Amino acid sequence: MASPETVVGELGASVGRSVTIRGWVEHVRVHGRVAFVVVRDGTGLVQGVLLRKQLAPEAWEVGCGLTHESCVAVTGSVQEDARSPGGYELLVEDVRLLGSSVDFPIQPKEHGVEFLLDYRHLWLRSSTQRAGLRIRAEVEKGIHDFLYERDFVRIDTPILTGAIGESAGTLFETDYFGDRAFLAQTGQLYVEAACPAFRKVYCFGPTFRAEKSKTRRHLTEFWMLEPEVAFADSEDNMRLQEELVVYLVRRTLERCAGELEVLGRDLSALERIQAPFPRVSYTEAVEIVRAAGSDTRWGADLGGADETRIAEHFDRPVFVYNYPKGAKAFYMKENPDDPRTVLCNDLIAPEGYGEIIGGSQREDDLDRLTARIDEEELPAEAYGWYLDLRRYGTFPHSGFGLGIERFTAWMTGRPHIRELIPFPRLMNRLTP
Ligand code: 4AD
Ligand code: MG
């Protein structure tokens with residue numbers, strides 16, 4: 001009778017019995033009459049032990065000839081073994097080669113990152129990449145759970161748009177039957193429209209920016225969460241961000257302990273993340289960075305180096321709020337107490353990861369918003385529908401955008417955000 005098929009993650013239910021596992025070979029060692037094969041099946045790793053005298057000659061030959069990343073079916077009886085990865089071992093009775101792998105390009109040695117990115121489709125199988133991307137998936141699921149529990153309605157927003165969402169400088173443009181279309185820089189304007197229908201909404205999807213910057217914090221395609229809440233002011237907005245970030249950190253610590261260990265993440269840096277996060281006004285932030293040697297002047301946006309200088313003062317994420325109008329997007333609400341600034345915030349992560357969230361209260365006054373669109377020289381005709389939201393029942397509202405890759409890079413402690421998206425799009429990279 002054929003041995004039933006199972007997966008590595010469920011071997012505990014089959015101790016003493018014979019089962020079949022299908023997966024990919026991580027490595028093989030042959031010592032005379034004994035060979036060890038470590039197989040990965042997506043649920044875990046298991047070591048198979050092959051004893052020459054107990055195997056048919058063909059099976060022994062197949063086992064000893066296995067190469068890195070070949071696909072195999074291994075049949076054997078399940079033994080408990082504390083030294084084995086996962087705690088079980090297979091005493092192998094049969095091995096079948098399902099898909100050969102000759103000269104797998106990625107070897108267990110140091111490769112340059114460009115080489116690894118060229119082979120991203122294969123690099124995904126490595127332990128650090130698996131750990132990082134599993135944490136990303138957990139962060140994404142955590143986001144949906146958090147918002148669902150709080151009665152947010154998910155709104156899917158268009159990728160092809162006519163209105164410029166953030167700024168004219170970083171648009172990907174495409175021909176749309178003779179018209180101009182842009183790849184969405186944000187879903188924000190559309191979740192704002194859905195707010196009066198559902199009160200609390202969010203979008204979650206890919207966004208596009210033709211950023212000509214080759215930094216460890218920039219992708220040209222990244223995924224963003226954007227909640228939008230009716231009747232929330234800028235303070236409410238920061239509290240929601242804080243609550244979400246604390247929730248995601250806790251959840252990652254609880255559910256991804258194994259992955260964080262593979263990545264060698266300093267857990268103490270995550271364990272101390274608690275609300276409230278420090279809040280620093282933009283004006284104070286400029287003083288902090290200038291005292292630390294920056295030549296940034298009041299009025300300019302804070303760059304990555306400035307963000308790192310600010311983060312160094314704190315042991316948890318820090319809010320910088322109320323930036324100058326000229327440094328931020330057109331839709332942010334003028335600060336009634338200081339009209340040079342807008343009611344907004346960035347959330348700066350510790351350890352040099354920079355801005356992980358950007359948020360604001362939205363300009364709800366029709367005339368001021370119209371004036372800002374003109375000042376920024378945005379094509380007014382594309383914003384007719386957006387201005388309707390101020391014409392028909394305008395309301396105070398706020399929202400924010402959390403970049404999934406930047407957030408996950410910080411969670412995982414990986415130095416560059418390109419590893420936290422399965423197939424990164426960078427200025428010089430469109431494949432694989
Ligand atoms: O600050 P940003 O540009 O804000 C918006 O897009 C707003 N519409 C959000 C909103 O209020 N609904 O971007 C938000 C976040 C940043 O804090 C950062 O985490 C991420 O998106 N981000 C990028 N991530 C990777 N590569 C890039 N080029 C990014 N640009 C922004
Ligand atoms: Mg921003």
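Both ligands and their constituent atoms are indexed starting at 1 by order of listing. Worth saying up front: this structure is predicted, and the values here are computed from it rather than measured.
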Is it the side chain, the backbone, both or neither of [X] that has a heavy atom closer than 4.0 Å to ligand 1?
X    : answer
I417 : side chain
T186 : side chain
F222 : side chain

Tell me: protein heavy atom nearest [atom], and distance?
atom                    : result
atom 18 (C) of ligand 1 : R406 NH1, 3.7 Å
atom 15 (C) of ligand 1 : G401 O, 3.5 Å
atom 1 (O) of ligand 1  : E355 OE2, 3.0 Å
atom 5 (C) of ligand 1  : E166 OE2, 3.1 Å

I'd like to know if [X] contacts ligand 1, where contact means a heavy-atom distance under 4.0 Å to any ligand atom.
X    : answer
R362 : yes
G399 : yes
Y331 : yes
E405 : no
R217 : yes

With a cut-off of under 6.0 Å to the ring centre and 45° to the axis, is [X] in cation-pi contact with [Y]?
X    : Y    : answer
R414 : Y353 : no
R29  : F36  : yes
R150 : F146 : yes

Practice problem: Indicate whether the side chain of T215 and that of S213 have a donor and an acceptor atom separated by less than 3.5 Å. | Solution: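 Absent: no donor and acceptor within the cut-off.
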Contact check: [X] vs ligand 1, nitrogen or oxygen atoms, below 3.5 angstrom:
X    : answer
G403 : yes
G359 : no
Q185 : no
L219 : yes
E228 : no
R209 : yes

Exercise. Report, as yes or no, whether the 6.0 Å neighbourhood of atom CD on E377 holds more than 12 heavy atoms from other residues, nucleotides or ligands.
Key: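 No, not enclosed.
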Self-check item: Crowding at CG, D103 (>12 non-hydrogen neighbours, <6.0 Å)
Solution: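 Counting other residues, nucleotides and ligands, CG of D103 stays at 12 neighbours or fewer.
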Is [X] salt-bridged to [Y], cutoff N-O under 4.0 Å?
X    : Y    : result
R134 : E138 : no
R390 : E192 : yes
K325 : E363 : no
R125 : E26  : no

Enumerated ligand 1 atoms positioned under 4.0 Å from heavy atoms of [X]:
X    : result
I356 : 17 (O), 19 (O)
E211 : 28 (N), 30 (N)
M224 : 6 (O), 13 (O), 14 (C), 15 (C), 21 (O)
I357 : 17 (O)
E226 : 7 (C), 8 (N), 9 (C), 10 (C), 12 (N)

Exercise. Please find out if less than 6.0 Å separates the ring center of F407 from that of W223.
Key: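 Not close enough - the centres of the two rings lie 6.0 Å or further apart.
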Quiz item: So, do F423 and H121 have ring centers that fall under 6.0 Å from each other?
Solution: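 Distance test on ring centres: not under 6.0 Å, no.
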Quiz item: With the Mg ion (ligand 2) as the point of reference, which N/O/S atom of E355 is the closest?
Solution: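 Checking each N, O and S atom of E355, the shortest distance to the Mg ion (ligand 2) belongs to OE2.
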Quiz prompt | From D151 atom CG to K200 atom NZ, the distance as rounded to the nearest 0.5 Å | solution =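 Interatomic distance, D151 CG to K200 NZ, rounded to 0.5 Å: 5.5 Å.
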Exercise. Could you pull out the closest heavy-atom pair between S398 and S234, with the gap in Å?
Key: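 Reported closest heavy-atom pair: OG-N, 3.8 Å.
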